[in-house]
Amino acid sequence: MENNKVDQSTIKEFNKKQILSLLRQKEVMVKRELSKELGVSVPTVISNTNELIKDGIIEEAGVATSTGGRKPVVLRFLKNARYAFGVDLMTGKKVRIVLLNLNYEVICDRSFDFDGEYEFSELMERISIEVQKILSTMAINKSKILGIGFSVPGTVNEETKVLEIAPNLSLTNVDFNNYQIMFDFPIYVENESNVAAYAEYKMGVCKNDSDMVYISVNEGIGAGVVADNKIYKGHSKRAGELGHMIIRRGGNKCVCGRLGCWNAYVSGGALINAYNKEAGEKIATLREFFQQRKQGDTAAVKLWKEYIENMSVGIQSIIHIFDPHYIVLGGEMANYADILLDELKSRVFDDTKYYSEKDVCILVSELKEDASVLGAALIPLGKFMDVEAVYTI
């Protein structure tokens with residue numbers, strides 16, 4: 001009897017998500033159209049849509065033309081019925097917060113600096129205050145918020161909500177459950193590359209493609225893997241740390257403490273540091289590096305050639321290991337696609353018998369630096385209305 005209750009509840013939830021997902025795509029439909037396209041009975045559609053109307057997620061919006069008999073009622077998807085927050089903690093100095101509606105549209109986008117020495121609890125308190133300000137300014141009731149997702153550059157157990165280690169933030173064993181009291185809606189936490197891959201899967205250049213490796217190139221480098229329509233996490237929730245595969249034994253020191261990691265050669269920070277050492281100058285951003293390269297600076301030209309070589313070595317290994325349909329390059333480096341892509345493709349596909357450009361497409365993210373913060377907000381949105389559990393938290 002108990003199992004039957006669970007099964008009925010699961011089926012009902014599945015049907016409701018199917019209806020929501022289809023209405024989100026079509027915006028307006030009548031009940032018979034929903035029944036036909038989803039392959040469920042009209043009474044099932046009526047029961048579920050009545051609940052969705054009661055919850056304020058869809059509404060009746062007039063009547064359609066009749067083909068005989070009573071005119072059918074038109075149902076409309078209300079994209080601003082619910083929202084979700086995404087927070088990007090890419091560095092200890094800058095925090096970005098976005099608010100998305102059910103149509104994945106950015107309703108609000110704010111950033112703030114958080115410099116100097118601080119306790120992580122102080123940072124979370126500041127985020128909580130900013131979130132409340134956004135809700136107050138936009139006159140949105142907290143009951144309409146489905147949750148808040150945090151994107152962090154490190155190893156995360158999304159089930160226990162523990163950030164195990166984040167070298168770029170100098171953090172270890174941070175339990176986000178301790179900060180739930182600061183928010184009036186559920187907290188979710190995930191690795192920035194995983195949520196960026198999720199965003200690319202849901203709304204980016206590889207929308208709904210089930211075989212993809214996303215590579216994030218920012219201050220550090222990370223990766224997220226989509227396989228069989230799911231974010232691949234691995235046995236210990238640590239899959240995707242491709243930035244720490246060794247490409248040169250005994251090579252440059254990585255932030256993780258080991259020598260020769262891919263991250264120590266192809267991250268944005270590694271490229272900037274290499275230039276400063278080679279040229280004896282002081283630049284702080286990738287923009288400055290590419291300005292120097294454009295001007296024909298000898299050190300910048302030389303280091304860029306080495307960078308392409310090191311990037312291609314890692315990507316070739318990724319292709320051999322995962323055999324993906326797409327490799328998507330994201331993060332800050334995506335802003336320089338016009339310089340990067342052709343050279344990289346030429347090197348990756350040069351002198352190999354195992355794969356070609358017909359087998360794997362190397363693309364640049366459409367979402368660029370927005371991918372991780374959007375992906376963080378998509379987690380609670382996905383739990384609310386995704387039929388297929390791409391993100392299982």
Side-chain angles (χ1 to χ4, degrees), residues 88 90-94 96 111 113 115 153-154 166-170 192-193 196 214-223 241-318 327-348 350 362-365 368-372:
D88 194 2
M90 278 304 298
T91 71
K93 296 182 179 180
K94 196 168 190 69
R96 185 176 174 193
S111 299
D113 295 324
D115 295 330
N168 290 341
L169 297 179
S170 301
E192 61 94 9
S193 296
Y214 173 89
I215 301 169
S216 170
V217 186
N218 290 295
E219 182 178 343
I221 185 166
E241 290 293 344
L242 300 180
H244 298 292
M245 61 181 173
I246 302 295
I247 66 165
R248 290 191 189 179
R249 181 66 63 184
N252 294 347
K253 189 172 183 178
C254 180
V255 291
C256 72
R258 298 199 308 163
L259 302 178
C261 290
W262 197 34
N263 178 74
Y265 291 91
V266 299
S267 66
L271 184 57
I272 290 167
N273 291 337
Y275 177 80
N276 288 337
K277 183 177 179 180
E278 179 81 17
E281 296 184 28
K282 190 69 175 177
I283 64 170
T285 66
L286 284 177
R287 182 187 295 273
E288 291 175 276
F289 173 84
F290 283 105
Q291 285 174 345
Q292 295 295 97
R293 181 187 174 280
K294 185 176 181 180
Q295 293 167 8
D297 179 89
T298 304
V301 171
K302 174 194 172 202
L303 289 169
W304 183 246
K305 184 177 180 180
E306 293 177 3
Y307 183 89
I308 292 295
E309 178 64 27
N310 291 323
M311 176 67 86
S312 68
V313 168
I315 289 179
Q316 286 171 338
S317 294
I318 289 169
I327 289 179
V328 181
L329 303 176
E332 187 179 2
M333 190 60 75
N335 294 320
Y336 306 97
D338 56 330
I339 302 170
L340 171 69
L341 204 54
D342 287 342
E343 290 185 59
L344 183 62
K345 284 181 179 180
S346 176
R347 184 63 193 90
V348 167
D350 180 45
I362 300 177
L363 304 171
V364 172
S365 168
K368 299 184 179 178
E369 294 173 88
D370 296 336
S372 56

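Note that the structure is a prediction, hence the values are computed from the model and not measured.
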Which heavy-atom pair separates [X] from [Y] by the least distance, and what is that distance?
X	Y	answer
L344	M311	CD1-CG, 3.4 Å
K302	E278	NZ-OE2, 3.1 Å
A371	Y214	CB-OH, 3.8 Å
V328	V364	CG1-C, 4.2 Å
A299	A279	CB-CB, 3.9 Å
A270	N263	CB-O, 3.8 Å

Exercise for the section: For E288 and A284, indicate whether the former's side chain and the latter's backbone hold a donor-acceptor pair under 3.5 Å. Expected result: yes
Exercise for the section: Please answer whether the main-chain N or O of I308 pairs with a side-chain N or O of S312 as donor and acceptor at a distance below 3.5 Å. Expected result: yes
Practice task
Might you work through the side chain to side chain contact (heavy atoms under 4.5 Å, CB included) test for L242 and I215, ending with a clear yes or no?
Solution key: CA-CA 9 Å; L242 300 180; I215 301 169; 5.6 Å; no
What distance do [X] atom [atom1] and [Y] atom [atom2] have between them, rounded to the nearest 0.5 Å?
X	Y	atom1	atom2	answer
L271	I283	CG	CD1	7.0 Å
D350	K345	CG	NZ	15.0 Å
L303	I272	CG	CD1	12.0 Å
R248	L259	CZ	CG	13.0 Å
Q291	D297	CD	CG	11.5 Å

For a 4.5 angstrom cut-off between non-hydrogen side-chain atoms, does [X] reach [Y]?
X	Y	answer
V217	V266	no
Y265	I221	no
S216	S372	no
N273	N252	no
L340	W304	yes
I246	C261	yes

Handout entry: Result of checking Y307, Y275, Y336 against F290 for ring-ring contact (aromatic ring centres under 6.0 Å, His included)
Key = Y336
Exercise for the section: Check step by step if side chain to side chain contact (heavy atoms under 4.5 Å, CB included) holds for D370 and R96. Expected result: CA-CA 10 Å; D370 296 336; R96 185 176 174 193; 2.7 Å; yes
Handout entry: Salt bridge present between E343 and R293 (N-O < 4.0 angstrom)
Key = yes
Problem - Pair K94 + D88: basic N to acidic O under 4.0 Å - result: no
Exercise for the section: Show the numbers, then the answer: is there a side chain to side chain contact (heavy atoms under 4.5 Å, CB included) between M245 and I318? Expected result: CA-CA 10 Å; M245 61 181 173; I318 289 169; 4.2 Å; yes
Handout entry: Under 3.5 Å side-chain donor-acceptor pair for R287 and N335
Key = no
Practice task
Assess whether side chain to side chain contact (heavy atoms under 4.5 Å, CB included) is satisfied between Q316 and R347, documenting all intermediate values.
Solution key: CA-CA 9 Å; Q316 286 171 338; R347 184 63 193 90; 4.0 Å; yes
